[in-house]
Amino acid sequence: MPELAEVEFFRKQWDPGIGHVFDRVSVHPKARIFRETPAPTFKKQLAGETLEASHTHGKKWMFQFSNGKWLAGHLGMTGKLFTASSDYKPEKHDHLVLHGKATTLVFCDPRMFGKVTLDFEESGGFPKWWVDLPPSPLDSRFTKTLVFDFMARHPKSPIKTLLLDQRVFPGIGNWMADEICWRLPIDPATRTGELDESERVAIWKLTRQLSKQAMGVIGDEWKKPPNSWLFNHRWKDGGNCPRKDCGSDLTRADLRGRTTCWCPNCQV
DNA sequence: CTATTTGTTTATCC
DNA sequence: AGGATAAACAAATA
């Protein structure tokens, strides 16, 4: 689920913990989210530290702790961050839990496609890999040239598949990629090399526009997006194209392994 | 019981 | 070498 705006929403769920010390950390030692770093390392390193600040970039989040410790992560398909009361008892899928005097911070992820990592920076600055992440669509460095060059390198990929590539479209996920194709409108299976200049410009602009809009709608309070977006119609069977004067039945099918929803009438 | 899932990484084939 | 594609990962939900 979580794409750039949802990740921003979840980041803010830990805001009540900023400025607080977390003296105890509990983990599920076998949970896949810890990947290459042993779970006890998170326990040992984070216990006693203060949460100082938080950040997001695309689908990644980063929590800055005292003594140059950085907790980064990804929510995968089903990851969630939330705050609970200080007497909260971790449940089955709560893999990483920080216990403070006033509050408990929880990372929960039933499917465990998410991950967490730990970085140490003596200097106090961001870890280098974080600084080197590709520019977000919300950043002015997300230029037309960047997008055009990437498209030129992948002329045979369907445009929707390209939009999911985090190396150039960080934060764009399945619903956003479908939304962009629908707004253009273009068939999501269109090979990128078949797009003309104006369509490629539109992809770039719509990526920026939708990223900004999603942040506004979902990033703060997770409001329901307007019915004029494809978003509200794409999940249920029998959804109809919300475009004015269309209303055709939407189609859902697999495209390179991802469920894709589009309007067969508008998107040709 | 079966089919489905808003993501990423790895393997394999070209 | 590097791009395109499918499979693997795990568990809840319908």
Side-chain angles (χ1 to χ4, degrees), chain A residues 1-11 28-37 39 56-61 72-81 90-96 107-117 129 133-134 136-137 149-183 188-194 207 210-211 213-215 217-219 222-225 229-239 250-262:
Chain A
M1 173 200 301
E3 307 181 22
L4 91 181
E6 291 93 343
V7 172
E8 173 70 3
F9 171 84
F10 282 122
R11 173 186 74 80
H28 277 180
K30 291 191 317 217
R32 204 175 88 105
I33 62 149
F34 297 108
R35 309 296 169 108
E36 59 275 4
T37 308
T56 59
H57 182 104
K59 298 179 190 173
K60 298 179 196 298
W61 43 261
H74 191 289
L75 298 170
M77 291 270 249
T78 54
K80 283 187 276 294
L81 297 170
E91 294 180 6
K92 189 173 175 194
H93 303 299
D94 299 340
H95 306 301
L96 176 67
F107 175 45
C108 169
D109 183 9
R111 261 173 99 180
M112 294 193 284
F113 285 3
K115 82 184 254 192
V116 290
T117 58
W129 68 265
L133 290 171
S136 156
D149 288 353
F150 184 57
M151 287 177 167
R153 257 179 283 136
H154 301 268
K156 298 224 304 233
S157 273
I159 182 59
K160 146 109 194 237
T161 306
L162 220 62
L163 283 165
L164 292 173
D165 196 314
Q166 301 299 297
R167 293 171 299 178
V168 173
F169 297 100
I172 305 300
N174 208 28
W175 79 255
M176 292 184 81
D178 282 358
E179 187 81 32
I180 290 165
C181 292
W182 176 78
R183 286 186 187 187
T190 309
R191 305 272 173 175
T192 303
E194 312 288 309
T207 301
L210 178 60
S211 297
Q213 289 175 342
M215 280 298 210
V217 172
I218 297 165
W222 206 317
K223 293 189 287 257
K224 187 183 167 196
W229 294 15
L230 179 66
F231 185 94
N232 289 345
H233 310 270
R234 53 172 285 127
W235 302 118
K236 48 184 191 291
D237 285 330
L250 295 170
T251 302
R252 267 186 302 168
D254 183 283
L255 177 63
R256 302 295 183 274
R258 303 304 303 277
T259 303
T260 297
C261 177
W262 75 97

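All values derive from a computational prediction rather than experimental measurement. First the proteins, then the strands, lettered A, B, ... as listed; each starts at 1.
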**Request:** For A:Lys59, answer base if it contacts any base atom (sugar-phosphate contacts may also be present), sugar-phosphate if it contacts only those atoms, and nothing otherwise; contact means non-hydrogen atoms under 4.0 Å.
**Result:** sugar-phosphate
**Request:** Please figure out whether A:Gly257 or A:Arg153 has its closest DNA chain C nucleotide nearer the 5' end.
**Result:** A:Arg153
**Item:** Nearest-angstrom distance, P atom, B:dA3 to C:dA7
**Value:** 15 Å
**Asked** Between CD1 of A:Ile159 and CD of A:Glu194, what distance do you get to the nearest 0.5 Å?
**Response** 11.5 Å
**Request:** May I have the distance from A:Trp175 (atom CH2) to B:dT5 (atom C1'), rounded to whole angstrom?
**Result:** 17 Å
**Asked** For the residue pair A:Pro170 and A:Leu4, what are the closest heavy atoms and their distance?
**Response** O-CD1, 4.3 Å
**Message:** Regarding A:Arg258, tell me which of base, sugar-phosphate or nothing describes its non-hydrogen contacts under 4.0 Å with the strands shown.
**Reply:** base
**Asked** Reckon A:His74 has a side-chain N or O less than 4.0 Å from the OP1 or OP2 of B:dT8?
**Response** yes
**Prompt:** With sugar-phosphate meaning primed atoms plus P, OP1 and OP2, does A:Arg191 contact a base, only sugar-phosphate, or nothing at under 4.0 Å between heavy atoms?
**Reply:** sugar-phosphate
**Prompt:** Rounded to the Å, how far apart are A:Asn174 CG and B:dT4 C1'?
**Reply:** 13 Å
**Asked** Whole-Å distance between B:dG7 P and A:Met176 CE?
**Response** 11 Å
**Asked** Where the side chain of A:His93 is concerned, which of B:dG7, C:dT5, C:dA12 is the nearest nucleotide?
**Response** C:dA12
**Strand partner of B:dT8, provided both Watson-Crick or wobble distances fall under 3.5 Å** = C:dA8
**Prompt:** Does a nitrogen or oxygen in the side chain of A:His154 sit under 4.0 Å from OP1 or OP2 of C:dA4?
**Reply:** yes
**Request:** Would you kindly give the CG-to-P distance between A:Leu163 and B:dT6, to the nearest whole Å?
**Result:** 16 Å
**Request:** Mind listing the closest non-hydrogen atom pair of A:Phe231 and A:Glu179 along with its distance?
**Result:** N-OE1, 2.9 Å
**Prompt:** To the nearest Å, how far apart are A:Trp229 CH2 and B:dT6 C1'?
**Reply:** 14 Å
**Message:** Taking the minimum atom-to-atom distance to the side chain of A:Met77, which one of C:dA4, C:dA11, B:dT6 wins?
**Reply:** B:dT6
**Request:** Mind checking A:Thr161 for me? I need base, sugar-phosphate or nothing, with any heavy atom below 4.0 Å counting as a touch.
**Result:** nothing
**Prompt:** Separation of A:Lys115 atom NZ from C:dC9 atom C1', in whole Å?
**Reply:** 14 Å
**Fill in**
Closest non-hydrogen atoms of A:Cys261 and A:Leu230, given as atom of the first, atom of the second and distance, are O-CD2, 3.9 Å
**Prompt:** Are any of A:Gln166's side-chain N or O atoms less than 4.0 Å away from OP1 or OP2 of B:dG7?
**Reply:** no
**Asked** Just how far, in rounded Å, is P of B:dT6 from CG of A:Asp109?
**Response** 15 Å
**Asked** Heavy atoms under 4.0 Å, any strand shown: does A:Lys60 hit a base, just sugar-phosphate, or nothing?
**Response** nothing
**Asked** Looking at A:Lys92, does any N or O in its side chain come under 4.0 Å of the phosphate oxygens OP1/OP2 on C:dA12?
**Response** yes
**Item:** Separation of B:dT6 C1' from A:Asp178 CG (nearest whole Å)
**Value:** 10 Å
**Message:** Keeping A:Arg191 on the side-chain end and A:His154 on the backbone end, is there a donor-acceptor pair under 3.5 Å?
**Reply:** no
**Request:** Give a yes or no on whether the ring-centroid distance for A:Trp61 and A:Phe9 is below 6.0 angstrom.
**Result:** no
**Asked** Nearest to the side chain of A:Arg256, which nucleotide is it out of B:dG7, C:dT5, C:dA4?
**Response** C:dT5
**Verify stack between A:Phe113 ring and C:dC9 base, 5.5 Å, 30 degrees** = yes
**Message:** Quick check for you: among C:dT5, B:dG7, B:dT5, whose closest atom lies nearest to any side-chain atom of A:Thr259?
**Reply:** B:dT5
